[in-house]
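Shown next, in structure tokens, is the structure this report addresses.
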Protein chains: 2
Amino acid sequence: MALDVADVGSFYIGGKTIELKGLPKRELVLVPGSPPVMVDPNGEFYAGQMYVQYVRLAGPKARYPLLMWHGGGLTGVTFETKPDGKPGWQSYFLKQGHDTYVSDAVERGRSGWSRYPEIYKSEPFFRTKREAWDLFRIGPADGYASSAEGRKAFANQKFPVAAFDAFAMQFVPRWAGNEPLIQAAYDELVKRTCPCVLLAHSQSAGFAFGVALKYPELIKGLVLIEPGGAPDPDKVDLSNLKDVPTLMVWGDHLDAVPFWAKVVPAVDKARSAIAAAGGKVEWIDLPKRNIVGNSHMIMMDANSDEVAGLVQDWFQRNGLMR
Amino acid sequence: MALDVADVGSFYIGGKTIELKGLPKRELVLVPGSPPVMVDPNGEFYAGQMYVQYVRLAGPKARYPLLMWHGGGLTGVTFETKPDGKPGWQSYFLKQGHDTYVSDAVERGRSGWSRYPEIYKSEPFFRTKREAWDLFRIGPADGYASSAEGRKAFANQKFPVAAFDAFAMQFVPRWAGNEPLIQAAYDELVKRTCPCVLLAHSQSAGFAFGVALKYPELIKGLVLIEPGGAPDPDKVDLSNLKDVPTLMVWGDHLDAVPFWAKVVPAVDKARSAIAAAGGKVEWIDLPKRNIVGNSHMIMMDANSDEVAGLVQDWFQRNGLMR
């Protein structure tokens with residue numbers, strides 16, 4: 001890639017110290033073969049923090065840093081090297097001259113996670129490979145098989161199907177009910193790092209809407225890659241997003257999965273409301289541009305650079321490059 | 001820092017797919033306020049994988065890549081920006097011309113973790129701030145207080161005590177009994193990435209000994225920063241480490257904590273055995289060089305560059321730079 005890098009680093013943001021009291025001590029074998037020791041789970045712990053890693057360029061060409069937010073059950077690795085070993089969107093946008101800030105949402109990856117039910121309120125749950133195959137639209141649900149050879153993807157699939165197992169190595173557990181914690185940390189990140197451009201994938205689009213509604217003046221561009229939902233304009237006033245240039249990008253086979261068949265019209269309703277308020281919202285339906293076969297993980301697909309190019313072009317057209 | 005970077009990227013290594021069967025479905029409220037949905041925990045999951053992130057330079061000055069392994073209850077963030085916001089050892093060694101590979105051990109950070117007791121055999125445990133204060137030798141155990149103002153660190157402390165709460169944001173849960181999984185992934189990493197130089201902190205020194213004993217020809221230099229233990233030479237033949245140049249570095253106040261007071265002689269016994277077999281092992285006791293007040297987290301201490309400079313000097317003297 002050959003980049004003139006000013007700075008590679010990371011920080012944590014958000015969260016607070018929580019004290020646990022009155023929990024029983026328990027025996028734990030710390031070293032296999034050794035006698036158990038008593039472990040006291042009581043004490044003070046940091047909870048609700050978020051990890052953010054940045055690469056800043058010596059001479060950025062973008063006007064604002066690019067914040068990249070991943071989807072549910074995943075981490076910032078979404079934007080790094082693709083499961084097939086090829087460069088991902090972080091590399092692409094660095095090459096185009098953007099400082100990148102890739103974070104792991106609260107409860108995931110390097111953000112760590114907290115004891116339940118004392119701090120988090122529910123048990124974690126884990127995404128199966130079959131669910132990812134279906135929900136991320138790699139192929140029809142009945143096309144999944146344990147063996148890589150036995151799997152049947154969509155015929156025009158752009159996801160690197162041979163690297164699906166490598167992709168499954170990126171999955172992390174998630175909790176239901178932590179949304180307020182996650183939103184709070186993203187809000188803190190935006191207050192610290194922005195004005196910025198926000199690129200949010202899947203679940204994180206909800207957090208992106210949340211923060212943009214609170215601090216529209218800090219979000220100079222909002223790119224939603226296959227947003228997993230949007231606020232209902234009948235319940236939430238979206239008019240203060242009218243000055244936030246917004247781009248929504250969709251892949252292929254959305255009608256093949258009931259979840260997406262429901263999400264797309266819900267997001268389109270939000271888009272209409274923002275546009276009706278005078279906002280500038282662009283909607284890219286890739287198959288309508290004859291770019292076919294994209295999965296939910298567009299940034300990992302074989303044509304990821306091509307789609308990133310459409311996003312970069314939108315940055316140019318919206319005055320977000322120097 | 002201003003670096004000519006060839007490539008920033010990441011990969012996963014190790015682990016395998018595990019199938020869970022026969023577990024009961026359970027109700028889960030996925031969206032607050034919505035009715036619960038049935039979640040099926042059965043299926044196939046990837047387990048035992050390890051995340052590795054690299055920064056490769058356009059013109060490295062070191063002969064081999066530098067692998068940086070963190071300690072227990074932590075992640076690769078150990079080597080990134082310090083809790084006080086200043087550049088850490090990853091930056092230092094990049095500036096000196098090393099390609100860096102910073103990993104998160106299995107079960108931690110971006111490596112993800114697996115359901116228990118079905119895949120991992122025990123419950124996780126979480127390090128309290130007080131335990132870290134004591135074990136990492138920030139101050140005497142009774143010097144810890146909930147409020148930052150109330151804490152009493154060692155008088156000559158080099159750890160940035162005002163950033164102790166920021167450090168606590170880096171803590172992640174751990175499990176007892178996953179050592180074989182962790183070792184297996186480190187072994188795979190060494191087979192893929194080396195010949196290399198390995199810099200291991202605290203708990204990971206045990207894994208570093210493990211891999212170096214198996215593949216001594218792949219480890220061109222072994223730097224152990226406050227190793228949390230070492231194999232007992234009465235039980236394990238350490239003689240095939242004789243051709244692996246090794247450096248061990250120790251901070252201050254080791255006698256103040258019973259754990260460290262026991263560890264140091266155990267590691268020294270291993271050092272003696274390797275030296276007796278003809279090995280080249282250097283032992284740096286920082287206070288004996290009038291470098292005082294270093295905590296267990298030497299790479300986060302105020303004089304982290306000074307200590308890194310001793311390591312870099314050792315690299316030079318051992319022919320590890322071009």
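The figures that follow rest on heavy atoms only: side chains count, while hydrogens, waters and symmetry mates do not. Reminder, nothing fancy here: chain letters follow the sequence lines and each chain counts from 1.
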Shortest non-hydrogen contact from [X] toward [Y]:
X        : Y        : value
A/Leu28  : B/Ala176 : CG-CB, 4.4 Å
A/Thr17  : B/Asp165 : OG1-OD1, 4.4 Å
A/Trp113 : B/Trp113 : NE1-NE1, 3.0 Å
A/Tyr12  : B/Gln170 : CE1-CG, 3.5 Å

In terms of heavy-atom proximity below 4.5 Å to chain B, should [X] be classed as side chain, backbone, both, or neither?
X        : value
A/Glu123 : both
A/Phe126 : both
A/Ile13  : backbone

Partner chain B: residue of [options] with the largest heavy-atom pair count (under 4.5 Å):
options                     : result
A/Gly15, A/Pro124, A/Ala166 : A/Pro124
A/Gly76, A/Ser146, A/Ala168 : A/Ser146
A/Asn42, A/Asp104, A/Leu74  : A/Asp104
A/Lys129, A/Glu44, A/Arg115 : A/Glu44

Interatomic distance, CG@B/Asp40 vs OG1@A/Thr128, rounded to 0.5 Å, equals 8.0 Å
Heavy-atom distances under 4.5 Å only: say whether [X] touches chain A with side chain, backbone, both or neither.
X        : value
B/Arg127 : backbone
B/Glu19  : neither
B/Val37  : neither
B/Ser114 : backbone
B/Ser10  : both

Inter-chain contacts: residues 77-87 of chain A against chain B, heavy atoms under 4.5 Å: A/Val77, A/Glu80, A/Thr81
Chain B-proximal positions within residues 46-54 of chain A [heavy-atom distance under 4.5 Å]: A/Tyr46, A/Gln49, A/Tyr51, A/Gln53, A/Tyr54
Residue set satisfying side-chain hydrogen bond (donor to acceptor under 3.5 Å, both in side chains) with A/Arg130, at least two apart, ordered chain then number -> none
List the residues meeting side-chain hydrogen bond (donor to acceptor under 3.5 Å, both in side chains) with B/Asp305, not counting sequence neighbours, and say none if there are none. none
